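We number each residue from 1, following the sequence as shown. Just so you know, these numbers come straight off a predicted model, no measurement behind them.
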Amino acid sequence: MTSQAIKIVRVQLEDQEKLLDIGYKTFYDAFGPPVNTEENIQSYLKDKFTLDQITNELLNPYSEFFFAQLDKQIVGYVKVNSKDAQTESLGKNSIEIERIYVVQEYQGKNIGQILFDKSLQIAKKKNADFIWLGVWDQNPGAIRFYQRNGFKIFDKHQFVLGTEVQTDVMMKLEL
């Protein structure tokens, strides 16, 4: 598969059910059992991956979603936040990658890199000072991916998954 075969498409409001489906599936595949309990993952998904929640996120003018498509099949997505949509207040001139997920069977095929590159393009277009994200400290593969792309760990924050409080490392790339 070549990167030319991957098409990046902005998610529209009418795509809300497709976004909900891929968001739910990719989050469950990444963080469901055995890495977290079924109860905790279901609790989180019931709160964060509902049609109302996804619709509200799509309606936020400071959040942007993009699908990665291969032959019109959605194989990944990214959510980028600016201004008040960011999950942490790190300054108005920063961009957050809140979510970047690839369908399990398409991982390792450069799709995550293509979605990351789209996020970087957005941050540069908005003249951001830096781009940042939070990564679960128990996800060394993702941490290495971002380090290869120039990110540095600068802080930590808490992430609640069901009844468990987890730690995310916060990483940023100066632009």
Approximate separation, where rounding is to 0.5 Å, of [X] [atom1] and [Y] [atom2]:
{"X": "R10", "Y": "D15", "atom1": "CZ", "atom2": "CG", "result": "11.5 Å"}
{"X": "L173", "Y": "F116", "atom1": "CG", "atom2": "CZ", "result": "6.0 Å"}
{"X": "L70", "Y": "K7", "atom1": "CG", "atom2": "NZ", "result": "12.0 Å"}
{"X": "F145", "Y": "M171", "atom1": "CZ", "atom2": "CE", "result": "10.5 Å"}
{"X": "Y24", "Y": "I41", "atom1": "OH", "atom2": "CD1", "result": "8.5 Å"}
{"X": "F65", "Y": "L13", "atom1": "CZ", "atom2": "CG", "result": "11.0 Å"}

Note to self: Listing request: all side chain to side chain donor-acceptor pair (under 3.5 Å) pairs with a residue in residues 67-77, at least two apart in sequence or in separate chains.
What the structure shows: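 Pairs touching residues 67-77 that pass the test: Q73-Y106.
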Taking all non-hydrogen atoms of both residues, which atom of [X] and which atom of [Y] are closest, and how far apart?
{"X": "A68", "Y": "I6", "value": "CB-CG2, 4.1 Å"}
{"X": "S82", "Y": "I95", "value": "CB-CD1, 3.5 Å"}
{"X": "V135", "Y": "A142", "value": "CG1-CB, 3.7 Å"}
{"X": "V80", "Y": "S119", "value": "CG2-OG, 3.5 Å"}
{"X": "W132", "Y": "F151", "value": "CA-CE2, 4.1 Å"}
{"X": "Y44", "Y": "V160", "value": "CD1-O, 3.7 Å"}

Check whether any side-chain heavy atom of [X] lies under 4.5 Å from a side-chain heavy atom of [Y], and answer yes or no.
{"X": "F31", "Y": "N139", "result": "yes"}
{"X": "L58", "Y": "I54", "result": "yes"}
{"X": "N149", "Y": "Q113", "result": "yes"}
{"X": "I153", "Y": "Q147", "result": "yes"}
{"X": "P33", "Y": "Y28", "result": "yes"}
{"X": "L19", "Y": "F67", "result": "yes"}
{"X": "K172", "Y": "L90", "result": "no"}

Pair up each side-chain donor or acceptor in residues 98-105 with any protein partner under 3.5 Å, not counting sequence neighbours, and list the distances.
{"unit_1": "E98", "atom_1": "OE1", "unit_2": "K79", "atom_2": "NZ", "d": "2.7"}
{"unit_1": "E98", "atom_1": "OE1", "unit_2": "N81", "atom_2": "ND2", "d": "2.7"}
{"unit_1": "R99", "atom_1": "NH1", "unit_2": "E57", "atom_2": "OE1", "d": "2.9"}
{"unit_1": "R99", "atom_1": "NH2", "unit_2": "E57", "atom_2": "OE1", "d": "3.1"}
{"unit_1": "R99", "atom_1": "NH2", "unit_2": "E57", "atom_2": "OE2", "d": "3.1"}

Item checked: Pair N56-N60, side-chain contact (heavy atoms from CB on, under 4.5 Å): steps then yes or no -> CA-CA 6 Å; N56 287 336; N60 188 323; over 6 Å; no
Margin query: Would you say that more than 12 heavy atoms from the other residues, nucleotides or ligands in this model lie under 6.0 Å from the CD of E17, or not?
Written below: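 For E17, atom CD is not crowded (no more than 12 foreign heavy atoms under 6.0 Å).
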Next item on the list: Would you sort out whether D47 and Q53 count as a side-chain hydrogen bond (donor to acceptor under 3.5 Å, both in side chains), showing the intermediate values?
Entry: CA-CA 8 Å; D47 184 40; Q53 178 64 31; over 6 Å; no
Spell out, yes or no, whether [X] and [Y] are grouped together once hydrophobic residues are joined by side-chain heavy atoms under 4.5 Å, including indirect joins.
{"X": "Y62", "Y": "F66", "answer": "no"}
{"X": "I97", "Y": "F154", "answer": "no"}
{"X": "V11", "Y": "V9", "answer": "no"}
{"X": "F159", "Y": "M170", "answer": "no"}

Next item on the list: Could you please spell out the steps behind the side-chain hydrogen bond (donor to acceptor under 3.5 Å, both in side chains) verdict for T163 and N40?
Entry: CA-CA 6 Å; T163 60; N40 280 341; 3.0 Å; yes
Check: Does K83 offer a backbone N or O that forms a donor-acceptor pair with the side chain of Q86 under 3.5 Å?
Finding: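 Flag set: sc Q86 to bb K83 pair under 3.5 Å.
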Checklist line | Any donor-acceptor N/O pair, S43 side chain to E39 backbone, under 3.5 Å | finding: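 Pair absent, no side-chain N/O of S43 close to backbone of E39.
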Identify each donor-acceptor pair in which a side-chain atom of residues 120-128 lies under 3.5 Å from a protein atom, sequence neighbours left out, and give them as a table.
{"unit_1": "Q121", "atom_1": "OE1", "unit_2": "K118", "atom_2": "NZ", "d": "3.3"}
{"unit_1": "K126", "atom_1": "NZ", "unit_2": "E64", "atom_2": "OE2", "d": "3.4"}

Check: Does K25 come within less than 4.0 Å of D21, counting only side-chain N to carboxylate O?
Finding: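 Answer for the salt bridge query: no.
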Next item on the list: Just do the side-chain contact (heavy atoms from CB on, under 4.5 Å) check on Q166 and Q138 with the steps written out, would you?
Entry: CA-CA 9 Å; Q166 300 178 349; Q138 301 299 306; over 6 Å; no
Next item on the list: With side-chain contact (heavy atoms from CB on, under 4.5 Å) as the test, would you mind laying out the steps for K18 and I74 before giving the verdict?
Entry: CA-CA 8 Å; K18 293 176 190 172; I74 300 167; 3.9 Å; yes
